[in-house]
Amino acid sequence: NAGVTQTPKFQVLKTGQSMTLQCAQDMNHEYMSWYRQDPGMGLRLIHYSVGAGITDQGEVPNGYNVSRSTTEDFPLRLLSAAPSQTSVYFCASTSTGAEQYFGPGTRLTVT
Amino acid sequence: GNSVTQMEGPVTLSEEAFLTINCTYTATGYPSLFWYVQYPGEGLQLLLKATKADDKGSNKGFEATYRKETTSFHLEKGSVQVSDSAVYFCALTNTGGFKTIFGAGTRLFVKA
């Protein structure tokens with residue numbers, strides 16, 4: 001099993017550009033989520049999904065979109081990048097009541 | 001609502017010192033409790049977990065006991081190594097649930 005994979009590992013965007021961060025898991029987990037981690041801060045939940053076709057907002061959803069067309073994939077879209085979105089982004093998946101499995105992260109810089 | 005509070009860092013120790021990182025929680029019901037570790041440049045990975053009161057989770061010399069009476073899950077290690085330098089996160093998930101609440105993280109530096 002590859003676990004949770006994320007691409008790209010690094011990305012630099014200019015303000016106003018859009019892009020999609022990819023996330024995939026091969027553990028058949030129903031629950032997937034996206035977090036951002038900023039220096040000196042913990043993890044903040046952006047969006048999550050409880051299954052294919054179902055998504056919901058976390059605590060910092062503004063400026064981001066998600067969709068869940070399959071169990072495996074959960075892409076995160078930045079609609080119009082802003083410097084405030086410079087961060088490290090982590091995707092995670094889990095099954096009910098179990099631990100979270102994290103991807104390796106995407107380091108995003110917006111100039 | 002549910003919350004997790006852990007001690008602020010950074011914590012700096014010499015090799016072979018005793019480590020304690022405090023974690024307390026607020027939750028309804030009977031959550032599962034976790035410690036995750038994040039090494040530099042990597043994602044979080046599970047260090048240990050406990051799913052019911054008085055359970056002790058352990059891994060790689062680290063231990064934590066689920067104390068319902070004090071709503072705590074403190075992380076301990078008897079003798080730290082330089083390779084233990086990382087950020088440690090305490091977390092909880094409600095029984096039967098999937099949304100995880102994380103503490104703010106505690107950075108540990110271990111000096112040789």
Side-chain angles (χ1 to χ4, degrees), chain A residues 2-10 21 23-25 27-51 54-61 68 71 74 87-107, chain B residues 1-11 21 23 25 27-52 55 57-59 64 66 73 86-107 109:
Chain A
V4 179
T5 57
Q6 291 183 239
T7 56
K9 281 191 171 3
F10 301 94
L21 308 186
C23 173
Q25 53 94 6
M27 296 171 283
N28 203 32
H29 286 163
E30 60 267 37
Y31 181 68
M32 297 184 73
S33 52
W34 276 101
Y35 295 89
R36 60 177 289 173
Q37 185 178 33
D38 300 300
M41 300 183 70
L43 297 169
R44 292 187 290 171
L45 182 65
I46 304 171
H47 284 286
Y48 64 95
S49 168
V50 301
I54 307 169
T55 64
D56 206 347
Q57 297 180 352
E59 58 181 302
V60 288
R68 185 97 178 269
T71 299
F74 191 44
S87 189
V88 182
Y89 291 84
F90 291 101
C91 179
S93 73
T94 186
S95 55
T96 305
E99 64 266 29
Q100 298 274 351
Y101 291 79
F102 284 85
T106 295
R107 190 173 296 272
Chain B
N2 296 347
S3 66
V4 175
T5 303
Q6 59 183 106
M7 63 188 285
E8 285 193 29
V11 174
I21 301 178
C23 172
Y25 68 90
T28 54
Y30 304 94
S32 294
L33 301 176
F34 306 88
W35 277 101
Y36 290 85
V37 60
Q38 184 181 31
Y39 298 105
E42 297 184 11
L44 279 71
Q45 56 186 274
L46 180 69
L47 179 60
L48 54 84
K49 67 179 181 181
T51 58
K52 60 182 187 299
D55 266 3
S58 61
N59 186 25
Y66 190 140
F73 193 55
V87 181
Y88 293 82
F89 292 90
C90 186
L92 69 83
T93 303
N94 271 336
T95 304
F98 43 77
K99 200 182 280 190
T100 300
I101 308 298
F102 289 91
T106 302
R107 184 175 295 276
F109 292 105

Relative to the ring of B:Tyr66, is the ring of B:Phe73 parallel (under 30°), tilted (30 to 60°) or perpendicular (over 60°)?
perpendicular

Tell me whether B:Gln6 contacts the main-chain N or O of B:Tyr88 through its side chain, where contact means a donor paired with an acceptor under 3.5 Å.
yes

Whatever's closer than 4.5 Å to a heavy atom in chain A on B:Ser32 counts as side chain

By a 4.5 Å heavy-atom criterion (distance strictly below it), what part of B:Leu44 contacts chain A: side chain, backbone, both, or neither?
both

Of all heavy-atom pairs between B:Phe98 and A:Val50, which one has the smallest distance, and what is that distance?
CZ-CG1, 3.3 Å

Just by modelled atom types, is the A:Phe102 backbone N or O under 3.5 Å from a matching donor or acceptor in the A:Gln25 side chain?
no

Could you tell me which portion of A:Glu30 (side chain, backbone, both or neither) has an atom closer than 4.5 angstrom to a non-hydrogen atom of chain B?
neither

Output the option from B:Gln45, B:Lys99, B:Glu42 having the highest count of non-hydrogen pairs under 4.5 Å with chain A.
B:Lys99

Indicate the atoms forming the closest heavy-atom contact of B:Leu48 with B:Leu46, along with that distance.
O-CD1, 3.5 Å

Toward chain B, the part of A:Val4 with a non-hydrogen atom under 4.5 Å
neither

Which answer fits A:Tyr35, side chain, backbone, both or neither, if we ask what part of it has an atom under 4.5 Å from a heavy atom of chain B?
side chain

For a quick test of reading the model, state the closest non-hydrogen atom pair linking A:Ser87 to A:Gln37 and the distance between them.
OG-O, 3.0 Å

Please classify the contact between A:Ala92 and chain B as side chain, backbone, both or neither, with a heavy-atom cut-off of under 4.5 Å.
neither

